[in-house]
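What follows is one structure encoded as structure tokens, with my remarks underneath.
These numbers come from a predicted model, not from an experiment.
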Amino acid sequence: CVELNSENFTELSSEISQLSHPRVSIEAYKGFFADEAMRKAEQLIARDWTPPVFWTADPFGFRGVPLEVIRKLMGQDRWEVMITFMVRDMRRFLAEENFEEPLNEFFGGEAWKDCLELEPGESREQKLLLTYSKVIRESVATFATPFRVFEDDRTQTLYYLIHLTNNPLGMRKMKEAMVKQSPDMTFWPVTKRDPNQIEIDVAEEEPYPSLQQHLEERYSGQTLSFVDVMNKDYPEGAWVESHYRKAIMALEKADRVMIERNRSTPTNRKPSGVKEPDQITFGAQALSLL
């Protein structure tokens with residue numbers, strides 16, 4: 001745990017002193033996240049076996065978390081990062097000269113300047129999030145999945161937690177854990193979707209007609225494995241794996257998809273359900289008429 005402010009560091013140390021576990025040690029360091037993260041990263045990389053690491057970068061505002069440090073952390077196998085994206089502060093000080101340097105550091109360049117001007121109907125909050133996510137996915141990590149944290153009245157965003165990983169399974173598991181933790185769906189997708197539509201999707205009963213419609217529209221005429229569908233689609237909306245299984249099974253029952261299950265079962269019965277390697281052809285009814 002890293003904290004620069006002296007009073008906060010004293011409080012942090014007091015909290016840590018009350019925690020104990022025979023197999024866990026917790027240490028507090030007074031300093032900057034970037035400096036301490038790089039120092040610790042170098043120690044871990046120097047070992048004969050580099051362990052998996054889950055880093056959290058929780059800045060006060062948006063200073064002190066340079067993109068270059070995040071890039072170095074994400075360059076290691078089995079390392080992931082959760083970043084607190086303080087969009088309210090960013091939105092407030094975006095046009096102030098004093099904040100140009102920390103914004104350049106945070107975004108790794110001047111991509112944030114694209115958010116100074118908005119198209120009609122654009123939200124600066126959303127544009128900042130999408131711009132940062134794009135920067136991450138282009139040069140830092142394969143997946144950047146944000147989760148929205150609200151005020152108590154649920155009308156204003158406090159910040160986003162953005163999970164970075166290079167592993168599709170890591171991306172899916174984090175999303176499932178966050179959705180389970182917050183069933184009222186503070187989750188917000190990377191892509192541009194109407195939050196009101198997300199609320200409707202979440203409130204739906206199985207087998208989730210909105211998800212069925214989405215899958216048919218996006219993948220019509222394509223054949224993909226179930227795991228490929230999940231990896232491509234998980235960042236898009238509010239659904240998780242169990243939703244996809246039920247929606248796809250309902251589509252198969254309605255002859256709107258065809259599922260090829262080339263796998264064995266312990267009892268040699270005909271395989272059923274939907275597993276990761278199963279091949280799904282969308283628009284099966286239409287294809288059968290060709």
May I ask you to check whether over 12 heavy atoms, not counting those of [X], lie within 6.0 Å of atom [atom1]?
{"X": "Glu101", "atom1": "CD", "answer": "no"}
{"X": "Gln43", "atom1": "CD", "answer": "yes"}
{"X": "Phe54", "atom1": "CZ", "answer": "yes"}
{"X": "Arg269", "atom1": "CZ", "answer": "no"}
{"X": "Arg78", "atom1": "CZ", "answer": "yes"}

Exercise for review: Indicate the ring-plane relationship of Phe107 and Tyr132, choosing parallel, tilted or perpendicular according to the 30° and 60° boundaries.
Suggested key: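 Ring orientation of Phe107 relative to Tyr132: perpendicular.
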Practice item. If the plane angle is over 60° it's perpendicular, under 30° parallel, otherwise tilted; pick one for Tyr219 and Phe282. Key: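 Tyr219 vs Phe282 ring planes: tilted.
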Are [Y] and [X] connected into the same hydrophobic cluster when the rule is that any two of I, L, V, M, F, W, Y join if their side-chain heavy atoms are below 4.5 Å apart?
{"X": "Ile45", "Y": "Val140", "answer": "yes"}
{"X": "Phe9", "Y": "Val2", "answer": "no"}
{"X": "Met86", "Y": "Leu4", "answer": "no"}
{"X": "Tyr29", "Y": "Met38", "answer": "no"}
{"X": "Leu94", "Y": "Val65", "answer": "yes"}

Side chain proximity check, [X] to [Y], heavy atoms < 4.5 angstrom:
{"X": "Gln212", "Y": "Pro207", "value": "yes"}
{"X": "Met174", "Y": "Phe147", "value": "yes"}
{"X": "Phe106", "Y": "Asn104", "value": "no"}
{"X": "Trp55", "Y": "Leu164", "value": "no"}
{"X": "Glu241", "Y": "Phe226", "value": "yes"}
{"X": "Asp89", "Y": "Phe99", "value": "no"}
{"X": "Leu224", "Y": "Lys232", "value": "yes"}
{"X": "Trp49", "Y": "Leu44", "value": "no"}

Nearest non-hydrogen partners of [X] and [Y], listed with the distance:
{"X": "Ala144", "Y": "Ile136", "value": "CB-CG2, 3.8 Å"}
{"X": "Asp114", "Y": "Lys127", "value": "O-NZ, 3.0 Å"}
{"X": "Met74", "Y": "Thr165", "value": "CE-CA, 3.7 Å"}
{"X": "Val69", "Y": "Ala34", "value": "CG2-CB, 3.8 Å"}
{"X": "Ala111", "Y": "Thr131", "value": "O-CG2, 3.6 Å"}
{"X": "Met171", "Y": "Tyr234", "value": "SD-CB, 3.5 Å"}

Practice item. Would you please test Leu161 and Phe85 for side chain to side chain contact (heavy atoms under 4.5 Å, CB included) and show each step? Key: CA-CA 6 Å; Leu161 297 173; Phe85 188 76; over 6 Å; no
Side chains of [X] and [Y]: donor-acceptor distance under 3.5 Å anywhere?
{"X": "Gln279", "Y": "Thr223", "result": "no"}
{"X": "Thr157", "Y": "Glu125", "result": "yes"}
{"X": "Glu122", "Y": "Gln126", "result": "no"}
{"X": "Asn166", "Y": "Thr142", "result": "yes"}
{"X": "Glu206", "Y": "His243", "result": "no"}

Without swapping roles, check the side chain of [X] against the backbone of [Y] for a donor-acceptor pair under 3.5 Å.
{"X": "Ser139", "Y": "Val135", "value": "yes"}
{"X": "Ser220", "Y": "Glu217", "value": "no"}
{"X": "Lys175", "Y": "Trp239", "value": "yes"}
{"X": "Arg124", "Y": "Leu116", "value": "yes"}

Interatomic spacing from [atom1] in [X] to [atom2] in [Y] - rounded to 0.5 Å:
{"X": "Ile26", "Y": "Gln18", "atom1": "CD1", "atom2": "CD", "result": "11.0 Å"}
{"X": "Met249", "Y": "Lys253", "atom1": "CE", "atom2": "NZ", "result": "9.0 Å"}
{"X": "Ser25", "Y": "Ile16", "atom1": "OG", "atom2": "CD1", "result": "10.5 Å"}
{"X": "Asp58", "Y": "Met82", "atom1": "CG", "atom2": "CE", "result": "10.5 Å"}
{"X": "Cys115", "Y": "Leu129", "atom1": "SG", "atom2": "CG", "result": "9.5 Å"}
{"X": "Ser133", "Y": "Phe143", "atom1": "OG", "atom2": "CZ", "result": "13.0 Å"}

With a 4.0 Å cut-off on N to O distance, would you call [X] and [Y] a salt bridge?
{"X": "Arg63", "Y": "Glu105", "answer": "no"}
{"X": "Arg218", "Y": "Asp233", "answer": "yes"}
{"X": "Lys30", "Y": "Glu3", "answer": "no"}
{"X": "Glu276", "Y": "Arg172", "answer": "yes"}

Exercise for review: Just do the side chain to side chain contact (heavy atoms under 4.5 Å, CB included) check on Ile248 and Ile259 with the steps written out, would you?
Suggested key: CA-CA 9 Å; Ile248 288 172; Ile259 304 176; 3.8 Å; yes
Check your understanding: Can you check side chain to side chain contact (heavy atoms under 4.5 Å, CB included) on Asp278 and Glu260, steps first, answer last?
Key -> CA-CA 6 Å; Asp278 292 347; Glu260 185 178 353; over 6 Å; no
Check your understanding: Can you list the steps and then say if Val87 with Leu158 is a side chain to side chain contact (heavy atoms under 4.5 Å, CB included)?
Key -> CA-CA 7 Å; Val87 71; Leu158 277 173; over 6 Å; no
Exercise for review: Please assess Glu252 against Arg261 for the test salt bridge (charged side-chain N to carboxylate O under 4.0 Å, His left out), listing each intermediate value before the final yes or no.
Suggested key: CA-CA 12 Å; Glu252 182 189 38; Arg261 302 176 174 92; 2.9 Å; yes
